[in-house]
Amino acid sequence: MVSEKFRTMNLHMSEAEQQINPPRHIAMIMDGNGRWAEKHGQLRVKGHEAGAETVDRMVSLCAEIGVEVLTLYAFSSENWERPALEVAALMRLLQHYLRRETGRLRERNIRLRAIGRLQRLDLPVRRELEKACAETAAGSGMTLNLAISYGGRDELCDAARAVCREVQAGQYACEAIDHQHLAAHLGTAGLPDPDIMIRTGGEFRISNFLLWQLAYAELYFSDTLWPDFSREELLRIIRDFHQRERRFGRVPGR
Ligand code: IPE
Ligand code: IPE
Ligand code: MG
């Protein structure tokens with residue numbers, strides 16, 4: 001039987017949205033907030049504020065169509081090098097988002113998770129994040145995975161260190177280390193690899209995002225600036241994804 005809640009949720013969805021076959025894991029590099037602000041004659045922080053609305057749109061759509069994991073690149077390890085005022089504004093926005101959204105995430109059965117060097121965050125932001133993750137931990141619908149203070153190289157270094165410690169402690173032989181073992185030490189342990197990676201903002205690069213996990217992701221680069229990224233564009237990308245043949249190094253059709 002379709003629950004009342006699901007029926008209400010479906011009322012907001014177009015026919016196209018209801019028919020879409022969801023990928024398991026979508027990862028997004030949310031780029032172009034600064035240029036969006038510049039285009040509108042505003043300060044960069046206004047671009048980040050507008051970008052937060054796109055986050056709401058994407059979280060809603062992905063949860064509604066049944067995506068298992070949505071990973072959003074919110075702040076990179078290199079973004080710490082930005083002017084202090086911008087870093088502070090981004091941290092404030094993150095805190096704001098967590099305060100405002102935790103209840104709504106829980107209502108929608110969404111589990112929040114975070115990857116990155118979270119120990120670098122100021123204590124109030126880290127507390128807010130830990131609280132939001134704890135309060136949504138029972139969510140069995142979509143996982144919203146925020147990459148914050150995240151760098152793929154940092155993540156791989158941290159995993160290498162953890163594995164080294166196990167080897168030093170005699171728990172593992174070097175020769176026993178395989179893909180599964182290393183992946184289990186990454187921030188994304190337990191999550192499927194992304195099927196689709198989307199970067200908005202017109203740049204053709206990965207910028208230290210999920211270096212290990214993107215090995216066989218289908219890549220999409222959009223010129224749309226993140227605050228303008230729409231539900232329709234994401235649906236177009238998902239539809240295109242289903243047309244692609246993922247070969248994983250094998251011979252087609254086998
Ligand atoms: C992405 O937008 C948000 C973060 C990196 C935090 P940018 O701030 O990089 O926007 P552009 O690339 O300067 O337009
Ligand atoms: C990537 O965007 C990081 C995030 C979106 C959080 P950047 O704007 O930092 O990347 P570069 O500097 O253009 O490579
Ligand atoms: Mg950028």
Side-chain angles (χ1 to χ4, degrees), residues 25-59 62 69-98 100-101 112-122 125-126 128-129 132 143-158 186-188 191 194 196-214 217 219-230 233-234 237:
H25 185 170
I26 301 180
M28 298 185 180
I29 301 180
M30 313 186 283
D31 196 25
N33 293 348
R35 279 161 287 163
W36 183 93
E38 199 177 322
K39 200 173 115 187
H40 291 82
Q42 295 176 351
L43 296 172
R44 290 180 62 86
V45 60
K46 290 289 171 196
H48 297 312
E49 283 173 20
E53 290 175 29
T54 308
V55 170
D56 288 343
R57 275 202 296 282
M58 292 304 123
V59 170
C62 289
V69 186
L70 173 64
T71 296
L72 298 177
Y73 203 5
F75 192 86
S76 74
S77 47
E78 288 73 26
N79 290 151
W80 287 111
E81 306 303 321
R82 292 192 178 195
L85 271 177
E86 182 166 346
V87 171
L90 283 164
M91 292 300 147
R92 234 185 356 260
L93 262 174
L94 171 64
Q95 219 176 338
H96 229 81
Y97 176 83
L98 295 168
R100 199 189 62 208
E101 289 300 313
L112 186 75
R113 173 167 171 163
I115 54 171
R117 291 211 170 142
L118 307 176
Q119 65 274 24
R120 281 193 77 178
L121 300 174
D122 281 348
V125 183
R126 208 166 84 206
E128 199 75 45
L129 185 62
T143 296
L144 172 59
N145 183 34
L146 294 182
I148 305 168
S149 183
Y150 174 88
R153 288 181 168 178
D154 281 349
E155 187 187 36
L156 286 165
C157 288
D158 291 344
L186 299 174
T188 49
L191 301 178
I196 298 181
M197 196 292 296
I198 302 168
R199 181 178 186 137
T200 61
E203 312 287 0
F204 295 95
R205 54 179 174 255
I206 298 294
S207 301
N208 206 8
F209 188 43
L210 302 178
L211 297 179
W212 169 282
Q213 298 88 338
L214 292 178
L219 306 180
Y220 287 86
F221 295 93
S222 165
D223 284 334
T224 306
L225 303 172
W226 177 253
D228 292 330
F229 194 64
S230 64
E233 187 165 359
L234 177 58
I237 288 173

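When a residue number appears, it is its place in the shown sequence, counting from 1. Whatever order the structure lists ligands and atoms in, that order sets their numbers, starting from 1.
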Subject >> Closer than 2.8 Å to the Mg ion (ligand 3) - protein N, O or S atoms, ordered by chain and residue number >> reply: Asp31 OD1
Measure from the side-chain N and O atoms of [X] to the backbone N and O of [Y], and report whether any donor-acceptor pair falls under 3.5 Å.
X     : Y      : result
Arg35 : Leu225 : no
Thr54 : Pro227 : yes
Ser76 : Glu78  : yes
Tyr73 : Ala27  : no

Please tabulate, one pair per line, all N/O donor-acceptor pairs under 3.5 Å involving side-chain atoms of residues 89-97, not counting sequence neighbours.
none

Subject >> Subset of ligand 1 atoms that lie under 4.0 Å from at least one heavy atom of Arg35 >> reply: 11 (P), 12 (O), 14 (O)
Original post:
What atoms of ligand 1 come within less than 4.0 Å of a heavy atom belonging to His48?
Top reply: 3 (C), 8 (O)
**OP:** For ligand 1, note which part of Glu38 has a heavy atom under 4.0 Å away: side chain, backbone, both or neither.
**Re:** neither
**OP:** Specify side chain, backbone, both or neither for Asn79, according to which of its non-hydrogen atoms lie closer than 4.0 Å to ligand 1.
**Re:** side chain
Roughly how far apart are [X] [atom1] and [Y] [atom2], rounded to 0.5 Å?
X      : Y      : atom1 : atom2 : value
Tyr150 : Leu210 : OH    : CG    : 4.5 Å
Leu70  : Ile196 : CG    : CD1   : 11.0 Å
Trp226 : Asn33  : CH2   : CG    : 8.5 Å

Original post:
Can you tell me if CD on Glu203 sees more than 12 non-hydrogen neighbours from other groups inside 6.0 Å?
Top reply: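 Atom CD in Glu203 is packed in, count exceeds 12.
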Original post:
So with a 6.0 Å cut-off around CG of Leu219, is the heavy-atom count from everything else above 12?
Top reply: yes
Original post:
Has ligand 1 got any nitrogen or oxygen that is less than 3.5 angstrom from a nitrogen or oxygen of Ala74?
Top reply: no
What atoms of ligand 2 come closer than 4.0 angstrom to any heavy atom of [X]?
X     : value
Ile29 : 1 (C), 5 (C)
Met30 : 5 (C)
Phe75 : 6 (C)

Original post:
With sequence neighbours left out, what residues match Arg100 under side chain to side chain donor-acceptor pair (under 3.5 Å)?
Top reply: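 Only Asp56 meet the side chain to side chain donor-acceptor pair (under 3.5 Å) criterion with Arg100.
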Subject >> Residue list, side chain to side chain donor-acceptor pair (under 3.5 Å) with Arg153, at least two apart or on another chain >> reply: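 Checked Arg153 against side chain to side chain donor-acceptor pair (under 3.5 Å); zero matches.
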Subject >> For Thr71, the option from His25, Gln213, Arg113 that meets side-chain hydrogen bond (donor to acceptor under 3.5 Å, both in side chains) >> reply: His25
Original post:
At what distance is the nearest protein heavy atom to atom 6 (C) of ligand 2, and which residue and atom is it?
Top reply: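 Checking every protein heavy atom, the shortest distance to atom 6 (C) of ligand 2 gives Tyr73 O, 3.3 Å.
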**OP:** Return the residue, atom name and 0.1 Å-rounded distance of the protein heavy atom closest to atom 10 (O) of ligand 1.
**Re:**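 That would be Gly34 N, 2.9 Å.
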Subject >> Nearest-option assignment for atom 7 (P) of ligand 2, heavy atoms, candidates Arg205, Arg82, Glu203 >> reply: Arg82
Original post:
Is it true that Glu78 lies under 4.0 Å from ligand 2, counting heavy atoms only?
Top reply: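 Distance cut 4.0 Å: Glu78 fails for ligand 2.
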Original post:
Looking only at heavy atoms of Gly201, does any of them come nearer than 4.0 Å to an atom of ligand 1?
Top reply: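 Outside the 4.0 Å threshold, so no.
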**OP:** Examine Arg199 against ligand 2 and note whether any of their N/O atoms are separated by less than 3.5 Å.
**Re:**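 In this structure, Arg199 places an N or O atom under 3.5 Å from an N or O of ligand 2.
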Subject >> Closer than 4.0 Å: a protein non-hydrogen atom to atom 14 (O) of ligand 2 >> reply: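 Yes, there is a protein heavy atom closer to it than 4.0 Å.
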